[in-house]
Enquirer: 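This is the structure I want to talk about, given as structure tokens.
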Amino acid sequence: MESLKHRAMSSATGPSRRDFLCAAAGLGLSFLLPGLDLRAALRRGEERRKSLIVLWLAGGPSQLETWDPHPETKIGGPTRAIDTTVPGLRIASLYPRMAEQIQHLNVIRSLTSKEGDHERGTYLLKTGYRPDPTTVHPSLGAIVAQQLPDERLEIPPHISLGEGPWPARGGYLGDEYDAFRIHDPGREVRNMRMPVEPRRQAERLKSLDVVSRSFLNGRQVAVEKSLHRQTIDDALAMMSSEQLKAFEIDGEPGQLRAAYGETRFGRGCLVARRLVEAGVRAVEVSLDGFDTHAANFSGHQTQAEILDPAFAALIQDLEERDLLESTVVLCLGEFGRTPRINRLDGRDHWPSGFSCVVGGGGMRRGVVLGQTDPEGRSKAPADPIPVENLFATVLEVLDVDFHQELITPIGRPMAISTGSPIDRLLAREDLRIGSVHRGSVG
Amino acid sequence: MIERTAHSARLRVPFNFNSSTFDYLRLIHFSLVAGSLDVMKLRFVLAPALVVGLVVSVIGVTVNNPVDRTPAPANIPQAETLQVVVDTVEAHLAESWKKAGLAPVEEAEPLEVLRRLSLALHGTIPSLEEIRVFERELAHPESGSKTDLLTRWTERMLRDPRFADYFGERLARSLVGTEGGQFIVYRRDRFVSWLSEQLAGNRRWDEIVREVISQQGLWTGEPAVNFITASVDGGTIDQNKLTGKTVRAFLGQRIDCAQCHDHPFDRWKQTDFEGLAAFYGQANLTLVGIEDKPNLEFEIEDRDSLEKRQVAPAVPFHPEWVPKEGTRRSQLAHWITHPENRRFERAMANRVWALLFGVPFKTGIGVDDLTDPPKVPDLLDLLGADFREHDYDLRRLIHVIAASRPFRISSRSDAETEQELELLQDNWCVFPVVRLRPEQLIGAMLQASSAKTIDQNSHLFARAIRFFREQDFVRDYGDLGADELEEHAATVTQALLRMNGRLTREILEPSPLNSTSRIAMLSYDDRECIENCYLICLTRRPEAEELDYFHAQMADVESKFRSRVVVDLCWSLFNSMEFSWNH
């Protein structure tokens, strides 16, 4: 680690990071991030520590225009369905590329919640808890970052890419577990360059120590609790870290970048893969614009043109690099949309019976759970799955002891998740004997 | 969502721009909002503003004598009764300290208290100019004034337009939150500026509350109705959201859970919630704004049976406070603001306390999570009663709290463990150390970049930089939203923003406009130079050890490089916890 840091410091006066990257790209080593802990980056399959990628579809995606179409019915609208690589599973025709990757993942078509408001729904689907006036629960990513720490990591363990309301937060775990936000992924990370040369920077930091000393007197406890100094040290470590290269995609082959799509979300998904590769524990990539109260069908087509290539490229890329077995991928929004089509050709909020896609990290593949009424008469889906159980499943797969109770700042014990894992998605026996489950269960 | 972002980017106009300069800024700003907010464009449009600012500033520097401000007012309204209630608060606290076997820590330095006041009331730190005036008055007490200097400065700050602007925004958060809402029917900016005007005119709080609950009309013409339209969702008013918000904002309690089920450990029942929501049942969104339709009945869809049933308006306690006349909303408003409603005054006392300290009086719970009023009146009742007896005068309430002992004591203690510190803090024996809000931090950074007070009379440059940078800065620094008064630690994002961010660079860069070069140029000697840096950034003088350290640094450089040392020193001060936390 020492030599790592030393190298990073000296590079500030020598070739720039960009030079370094160009050189690496020229040698065809774009994947080999210079200076990165190679063992961590190269480790594959089950040896790898697990990570989480959440693809967050803000606004509430329509289940009928994504993973649970009901074509040719009263509620189906003009959306058509196509076959996929999972026998018997048909998804909306807006997702032709996902249709070729979905055998690696599972589809749940019967998530149920009682939160039909964007803010409250987002809270539930990001934390696994309904909003509670007495505390703020941590998001799934924050839990994973806190429960699976990695001291080799010099960049934040929990990162949110792209724009969306209510990004993932640390809640009662503390602001230090808030997602580190990158608004425009794939572009240079802002505020990473020190404004002056290293020697002058060192002088400034020494002066900061002098200034800090007098404040400390009589305020030790408050100062320690504030984490002020620690965040400065973390920021400095991050600024000089070679791991920062995980945020850059310039060195990735043009073809791969095109496959992800030249969109903010597409770039976000590619950066997410690089971050996970670098050892980041939890990444959220947000795509906003699913709140289609009017013009639902054209709206979802626009969204699909962004989501389909990015999601499919991500799964394919993770699989090809043998990272999918160590990375849970979860694609969802705050709720679904009404089976009924309103007068504006839109669909409204629908928390009772909506879909998500989840897989990786050693989960079984190709499983389809739950069923909604094709006529839209019955509000409740068959085989309803509470949001809590989805969370328990993901945490179980990530090897987080989710039954354990953490203590909130006001001293209240709180279980990480109150759900029970969905057995049908777990591949426990397979894991025990050390083999990797690859067959599709249709 | 694009709409929402664009809207929120227009939320906060930090000062009263009344002149054509505002139109100019707005023109630039709209062009920015319309297009994507890219850097090149910003630079391009900022250039003319910079040039104008430079000219104005150079003229300003040469013509104006910087230290020429009116002294603190000698007359505080009802100063005698104010002292009486401050004494009562003191006695009440002394009693509770005695019971707990605790004692408050020593008094804070007057400049420390001045900094707290400025952060709480103006959202920024005192300027060097203000510090000079304050110290002059401290050294030469004006004869004939019995009121202490800090109270006179509180009054002075309350009369400054910056108070209404800043406090209006802070209070607006409890009423309409931070979200942009549905732009077509909701104009948060209008609501905030309306609220600021009410504060500037020192309007009674109960009147303000009655207006926001019961006003009719368009969100543009009658800005108070934005309280209602902030809860419009999908074209209709969400009575449930509105009810939860009403009880939180005006009664300081959470009733939201009772929307779906009886509250597990509180007295609120689901029927209480529905009865209150029914008061909003006749509010109707029309083309001419919010109206009340007398024949409309409030219906609720049962969560299980999905059947609709009518709910009549009902209050959970003291139905005799509901007037017979008026619209349902107006009836609700009168019930909430009824002089016997302890919750109403307690809620405001707790909130104003929280805005002054950064922590609600009732520690450990959210500012809107008050329990039912206790049988034996507590300090909130004491403050609330004085508030009510003095026409719900917000300024008076602020005066009382700002003059109370907890606001005037140090944030240093001999606590060695978290438990010890918590015990002291929960009993208000020590001033809490609290992270500044993003708006306060950007306000402090901009103020530190100028020796003169930045207000509506400031250079176009200072105002432009705030106007353009505040939104981005607040977003990046982490807008904490509705739970802003809860405890927060520092984050890496914030450290990066302070250390390497554009704003830090811009305001530290030596230029004729920035304090760094002016300090370097105008200070008599090195020691004064260092002292000025400390006063400008931290509102205090350096300690001997600090002075020696930086003096030695300065001695090593030629005088023409002095500004570089000043820039470096200010960078270190900016990045100290002392700068970005209230204490």
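Naming convention: chains lettered A, B, ... in sequence-line order (proteins, then strands); numbering from 1 in each chain. Predicted model only: the values in this text are computed from it and were never measured.
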Enquirer: Can you check whether Met192(A) reaches Asn500(B) side chain to side chain, under 4.5 Å on heavy atoms?
Expert: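 Not in contact.
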
Enquirer: Please give me the minimum heavy-atom distance between Val221(A) and Leu421(B), naming the atom from each residue.
Expert: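 It is CG1-CD2, 3.8 Å.
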
Enquirer: So which of Val223(A), Asp234(A), Asp291(A) has the largest heavy-atom pair count under 4.5 angstrom toward chain B?
Expert: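 Looking at each of Val223(A), Asp234(A), Asp291(A) in turn, Val223(A) comes out on top.
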
Enquirer: Are more than 12 heavy atoms from other residues, nucleotides or ligands located less than 6.0 Å from atom CD of Glu416(B)?
Expert: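 Count not over threshold, so no.
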
Enquirer: Just by distance, no angles: are the side chains of Arg219(A) and Ser411(B) close enough, under 3.5 Å, to form a donor-acceptor pair?
Expert: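 Short answer, yes.
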
Enquirer: So which of Asp233(A), Ile232(A), Leu227(A) has the biggest tally of heavy-atom pairs under 4.5 Å with chain B?
Expert: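 Highest number of heavy-atom pairs under 4.5 Å: Ile232(A).
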
Enquirer: Are Leu496(B) and Met239(A) side-chain neighbours, meaning at least one heavy-atom pair lies under 4.5 Å?
Expert: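 Touching, per the 4.5 Å side-chain cut-off.
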
Enquirer: Can you tell which part of Glu418(B) gets under 4.5 Å to a heavy atom of chain A, answering side chain, backbone, both or neither?
Expert: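 Interface part for Glu418(B): both.
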
Enquirer: With a strict 4.5 Å heavy-atom criterion, list every residue of residues 207-217 of chain A that contacts chain B, or say none.
Expert: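 The residues closer than 4.5 Å to chain B, in numerical order, are Ser207(A), Leu208(A), Val210(A), Val211(A), Arg213(A), Ser214(A), Phe215(A), Asn217(A).
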
Enquirer: Heavy-atom pairs under 4.5 Å with chain B are the metric here; pick the option from Glu163(A), Arg190(A), Arg229(A), Glu224(A) that has the most.
Expert: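 Answer, by heavy-atom pair count under 4.5 Å with chain B: Arg190(A).
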
Enquirer: Does atom CG (Asp548(B)) have a neighbourhood of more than 12 heavy atoms from anything else shown, all under 6.0 Å?
Expert: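 Result for CG/Asp548(B): enclosed.
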
Enquirer: Please classify the contact between Asp568(B) and chain A as side chain, backbone, both or neither, with a heavy-atom cut-off of under 4.5 Å.
Expert: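 Both the backbone and the side chain of Asp568(B) come within 4.5 Å of chain A.
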
